[in-house]
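These notes are about the structure you will find just below.
Naming convention: chains lettered A, B, ... in sequence-line order (proteins, then strands); numbering from 1 in each chain. In what follows, every heavy atom counts, from backbone to side chain, and hydrogens, waters and symmetry copies are set aside.
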There are 2 protein chains.
Amino acid sequence: MSLPSAVASPAAHDAYPDDLDPRVEALVKDLIGKVADKWTLIILEVLTEHGEQRFSRLGDLVGGISQKMLTQTLRQMERDGLLIRTIHPVIPPRVEYRLTELGLSLSEAFCGVWIWAAKHLEEVDRARQAFDERAKG
Amino acid sequence: MSLPSAVASPAAHDAYPDDLDPRVEALVKDLIGKVADKWTLIILEVLTEHGEQRFSRLGDLVGGISQKMLTQTLRQMERDGLLIRTIHPVIPPRVEYRLTELGLSLSEAFCGVWIWAAKHLEEVDRARQAFDERAKG
DNA sequence: CCGTATCCTGTCCGATACTG
DNA sequence: CAGTATCGGACAGGATACGG
């Protein structure tokens with residue numbers, strides 16, 4: 001996927017696609033709201049990095065997620081077509097999750113955000129300290 | 001910002017930066033969790049597209065946000081160094097918000113996600129219908 | 001092992017009213 | 001205009017127990 005090149009306008013406006021239809025825009029915002037969930041992001045990253053995984057391993061790799069939230073988030077992602085759930089009829093049961101093409105494409109779209117977070121971690125931390133200092137003094 | 005080129009590995013792993021230190025990884029996940037909030041995303045987009053804005057106009061442009069959430073989200077973003085709040089000492093009071101360089105860089109990182117959402121809106125919708133159909137039948 | 005069901009607590013978030 | 005304060009309903013999300 002190639003991003004539209006930023007033009008030299010006063011405020012870097014045109015990096016975003018202009019969806020003129022306000023109804024479409026509302027839908028996009030709504031979709032963003034669902035898909036930009038913390039756990040969804042992390043699961044996308046884990047599955048991208050480690051490939052297909054079974055339920056419990058996925059939970060370990062994600063870290064700090066309850067079984068309930070893991071199930072819930074995985075269901076929503078499955079419903080949205082981001083991943084496929086495969087049940088192997090063996091004992092003990094074995095369920096594996098893997099990204100679809102759609103899921104992988106979303107993961108790639110989020111890639112820049114992960115890089116941003118890793119890169120600017122300390123800068124954000126400093127900003128917070130400065131803010132808190134000003135608020136306190 | 002240029003993304004690292006995806007290498008031809010089995011599952012497109014290496015698009016993500018590998019932060020080996022688990023403590024750093026935890027911090028990154030935490031930061032993602034805060035920054036990937038729905039309202040934060042939309043405010044980033046609005047300020048990127050329309051430039052510096054005052055409080056109420058911002059609320060209108062965002063759409064569907066309560067005054068409380070707007071204030072709250074703006075404060076957090078200011079604390080994180082994503083935007084600057086300028087108070088003009090006039091009557092009636094006039095407060096303007098504009099992105100910092102940091103905020104703009106985050107906005108750019110999210111750009112790909114907006115494009116993804118706009119592009120795959122219908123695909124997600126179809127996936128949901130198919131899923132619901134299977135669940136019902 | 002992979003869930004679902006239940007309970008319970010905290011937090012989100014809108015509505016409303018009030019200040020400078 | 002741009003907030004702050006407070007209330008209250010809804011829901012997120014953890015802990016636990018149980019079922020297939």
Exercise answer: donor-acceptor pairs, residues 124-131 of chain A side-chain atoms, under 3.5 Å, sequence neighbours excluded:
{"unit_1": "D125(A)", "atom_1": "OD2", "unit_2": "Q129(A)", "atom_2": "NE2", "d": "3.3"}
{"unit_1": "R128(A)", "atom_1": "NE", "unit_2": "D80(B)", "atom_2": "OD1", "d": "2.6"}
{"unit_1": "R128(A)", "atom_1": "NH2", "unit_2": "D80(B)", "atom_2": "OD1", "d": "3.2"}

* **Bounds of contact between DNA chain C and chain B, in 5' to 3' order, using a heavy-atom cut-off under 4.0 Å** =>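 Extent of the interface on DNA chain C: dC13(C) to dG20(C).
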* To do: Would you please enumerate the stems DNA chain C participates in, each stem being three or more consecutive Watson-Crick or G-U wobble pairs with both distances under 3.5 Å?
  => C:3-20 with D:1-18
* Say whether, by atom type as modelled, one donor and one acceptor occur between the side chain of T48(B) and the main chain of L44(B) under 3.5 angstrom. => yes
* Asked: Got a donor-acceptor contact below 3.5 angstrom from the T100(B) side chain to the L82(B) backbone?
  ->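 Yes: the side chain of T100(B) pairs with the backbone of L82(B).
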* State which residues pass side-chain contact (heavy atoms from CB on, under 4.5 Å) with L121(A); sequence neighbours excluded, sorted by chain then number. => V24(B), L27(B), V28(B), L31(B)
* **Contacts of type side-chain contact (heavy atoms from CB on, under 4.5 Å), residue I91(A), not counting sequence neighbours** => none
* To do: Sort out for me which residue in L99(A), L83(A), T86(A) forms a side-chain contact (heavy atoms from CB on, under 4.5 Å) with E52(A).
  => T86(A)
* **DNA chain C: 5'-proximal contact among P93(B) and Q67(A) (nearest heavy atom)** =>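 The 5'-side residue here is Q67(A).
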* **Any pair counted as salt bridge (Lys or Arg N to Asp or Glu O under 4.0 Å), so long as it reaches residues 32-44 of chain A, sequence neighbours left out** =>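 Matches after skipping sequence neighbours: none remain.
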Tell me which donor-acceptor pairs under 3.5 Å the side chains of residues 54-71 of chain A have, and how far apart each pair is, sequence neighbours excluded?
{"unit_1": "S66(A)", "atom_1": "OG", "unit_2": "M69(A)", "atom_2": "N", "d": "3.2"}
{"unit_1": "T71(A)", "atom_1": "OG1", "unit_2": "Q67(A)", "atom_2": "O", "d": "3.0"}

* Structure fact -> The salt bridge (Lys or Arg N to Asp or Glu O under 4.0 Å) partners of R94(B) (sequence neighbours excluded) come to E96(B)
* Set of residues satisfying salt bridge (Lys or Arg N to Asp or Glu O under 4.0 Å) with respect to K29(A), sequence neighbours excluded ->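 Applying salt bridge (Lys or Arg N to Asp or Glu O under 4.0 Å) to K29(A) gives E25(A).
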* E123(A): what forms a side-chain hydrogen bond (donor to acceptor under 3.5 Å, both in side chains) with it, not counting sequence neighbours? -> H120(A)
* Asked: Between R94(B) and I65(A), which has a closest nucleotide on DNA chain D that is more 5'?
  ->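 Here R94(B) is the residue nearer the 5' end.
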* To do: Output the residues of residues 69-78 of chain B in contact with DNA chain D, where contact means a heavy atom of the residue under 4.0 Å from an atom of the strand; sort by number or write none.
  => T71(B), R75(B)
* Reading DNA chain D 5' to 3', which nucleotide is the first, and which the last, to come under 4.0 Å of any heavy atom in chain B? -> dC1(D) to dC7(D)
* Asked: Where do I32(A) and W114(B) land on the side chain to side chain contact (heavy atoms under 4.5 Å, CB included) test, with the steps shown first?
  -> CA-CA 7 Å; I32(A) 289 273; W114(B) 285 96; 4.0 Å; yes
* Less than 4.5 Å apart, any side-chain heavy atom of L74(B) and any of R85(B)? ->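 No, side chains not in contact.
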